[in-house]
Amino acid sequence: MQAVQYDAYGATPTLVDLPAPDCPADGVLVEVRATGVCRSDWHAWQGHDPVSLPQVPGHEFAGVISVVGPQVTTRRVGERVTTPFVCGCGRCAYCAAGDAQVCPDQSQPGFTQPGSFADLVAVPAADLNVVPLPDGLDFVTAASLGCRFATAYRALTAHGRVRPRDWVAVHGCGGVGLSAVMIATALGARVVAVDVAEPALRLAEELGAEVLVEGGADAAHRVVEATGGGAHVSLDAVGSTDTAVASVCSLRPRGRHVQVGLLLGEHAAPPLPMGVVVARELSIHGSHGMAARDYPAMLDLVARGAVRPDLLVGSVIGLGDAGAALAAMSRPAMTAGLTVVRLEPGV
Ligand SMILES: [Zn+2]
Ligand SMILES: [Zn+2]
């Protein structure tokens with residue numbers, strides 16, 4: 001099969017011929033039809049997030065099941081499917097409870113095993129991790145849901161518990177932030193978008209943000225002013241010490257901060273104002289992806305047209321251009337639109 005692979009951190013990812021992966025006894029092989037090019041793949045390629053080498057990137061994909069392992073009971077060849085970017089082991093107590101996103105023995109395509117920049121990708125524990133797609137949902141849109149969109153959805157629903165008319169502050173209007181703006185608006189919330197870049201704020205406005213706040217030292221203060229005392233729910237969709245603190249300080253009493261952006265390197269330990277957390281009885285949540293169990297409610301929103309993840313797709317390219325697209329992330333992005341790789345069927 002064809003796949004894009006890098007042999008060392010930072011080495012140019014190239015299109016190569018690889019043997020087809022083995023199908024796990026409890027898993028499936030998926031013929032990839034579309035896969036997103038995500039900043040997490042770029043971090044892995046740069047060595048910020050250690051992975052096994054050589055590595056095939058790609059963790060947000062959709063496709064068609066081509067082989068089913070002998071232990072799998074619920075899936076069949078020919079099904080159109082996607083999977084969460086965190087796959088659970090299928091054997092532990094967390095997986096049994098449906099919380100595969102925190103499985104201690106989790107696997108992630110593109111990080112712990114070969115990913116979806118390839119004609120075929122193996123998915124373990126398929127009865128747990130594979131999500132069938134609604135008929136009307138195309139592969140490119142489905143691939144765009146797997147990472148940023150699902151993460152934003154779960155942050156707002158499971159952790160934020162957003163209700164209609166709640167104020168939701170979104171700090172950082174990149175891919176996950178704009179997804180959050182769109183989803184919060186669809187849930188009936190009123191959104192304050194915060195970003196340092198004017199074009200990002202304009203995109204947030206188009207997707208439903210009611211108030212736009214320029215990022216910076218007084219961003220939290222301005223969110224509190226605009227919302228009549230603070231947001232009910234605030235997301236740090238960037239993952240930096242400044243935005244994490246600003247998000248917490250944006251909240252009204254009993255508000256909920258959800259940390260969505262990964263806090264890497266020097267940002268690993270933001271100085272959160274715990275005195276304020278106590279005095280206002282704030283809650284601090286970490287959110288890491290979304291398990292297969294929670295997909296149906298999100299897919300229902302998409303199928304009803306209440307959210308339009310397709311609007312967040314920036315460009316569609318072929319597999320031969322995927323390595324260059326990954327490398328291009330070393331330069332500052334002009335738009336937050338997701339690049340999706342489309343693969344031809346039957347290769
Ligand atoms: Zn598990
Ligand atoms: Zn991703």
Side-chain angles (χ1 to χ4, degrees), residues 4 13 24-27 32 34-46 48-49 51 55-62 71-72 82-118 121 123-131 140-155 172 174-180 237-239 259-264 287-295 298 309 312-315 322 325-326 328-329 333 336-341:
V4 169
D26 67 350
V32 179
T35 181
V37 181
C38 178
R39 187 152 287 276
S40 302
D41 294 310
W42 179 85
H43 280 299
W45 173 58
Q46 287 284 298
H48 302 159
D49 193 2
V51 296
Q55 186 59 264
V56 176
H59 57 275
E60 43 193 83
F61 62 94
Q71 296 170 10
V72 177
T82 187
T83 75
F85 67 85
V86 176
C87 291
C89 71
R91 297 179 300 275
C92 73
Y94 295 100
C95 286
D99 288 324
Q101 80 281 359
V102 289
C103 169
D105 198 19
Q106 62 186 245
S107 55
Q108 297 188 29
F111 301 90
T112 62
Q113 60 178 84
S116 51
F117 284 20
V121 65
V123 181
D127 286 328
L128 175 72
N129 294 315
V130 171
V131 181
V140 168
T141 305
S144 80
L145 295 173
C147 187
R148 49 178 69 189
F149 201 85
T151 296
Y153 177 81
R154 187 156 185 283
V176 71
L178 289 175
S179 301
V238 177
Q259 187 62 44
V260 176
L262 299 177
L263 292 158
L264 301 172
S287 194
H288 183 233
M290 181 166 92
R293 172 190 62 178
D294 295 324
Y295 268 65
M298 179 182 77
L312 301 171
V313 174
S315 58
L326 189 64
M329 287 188 158
L338 178 71
T339 297
V340 178
V341 179

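Just follow the structure's listing: the first ligand is 1, and inside any ligand the first atom is 1. Here, residue 1 is the first one in the sequence, and each next residue gets the next number. Side-chain atoms are counted along with the backbone in the values below, which use heavy atoms only and exclude waters and symmetry mates.
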May I have the angle between Cys89 SG and Cys95 SG with its vertex at the Zn ion (ligand 1), rounded to 10°?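 For SG of Cys89 and SG of Cys95, the angle centred on the Zn ion (ligand 1) reads 120°.
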State, to the nearest 10 degrees, the angle whose vertex is the Zn ion (ligand 1) and whose arms point to SG of Cys92 and SG of Cys103.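 Reported to 10°, the angle equals 110°.
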State whether the side chain of [X] and the backbone N or O of [Y] hold a donor-acceptor pair below 3.5 Å, judged by distance alone.
{"X": "Asp41", "Y": "Cys38", "result": "yes"}
{"X": "Gln113", "Y": "Gly115", "result": "no"}
{"X": "Asn129", "Y": "Pro124", "result": "yes"}

Verify the distance test for Glu60 against the Zn ion (ligand 2): any N/O/S atom under 2.8 Å, yes or no.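 Within the cut-off used here (under 2.8 Å), Glu60 does place an N, O or S atom near the Zn ion (ligand 2).
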So how far is it from Glu60 CD to Ser40 OG, rounded to the nearest 0.5 Å?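 It is 7.5 Å, given to the nearest 0.5 Å.
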Metal-centred angle, SG of Cys147 through the Zn ion (ligand 2) to SG of Cys38, rounded to 10 degrees: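 About 130°, to the nearest ten degrees.
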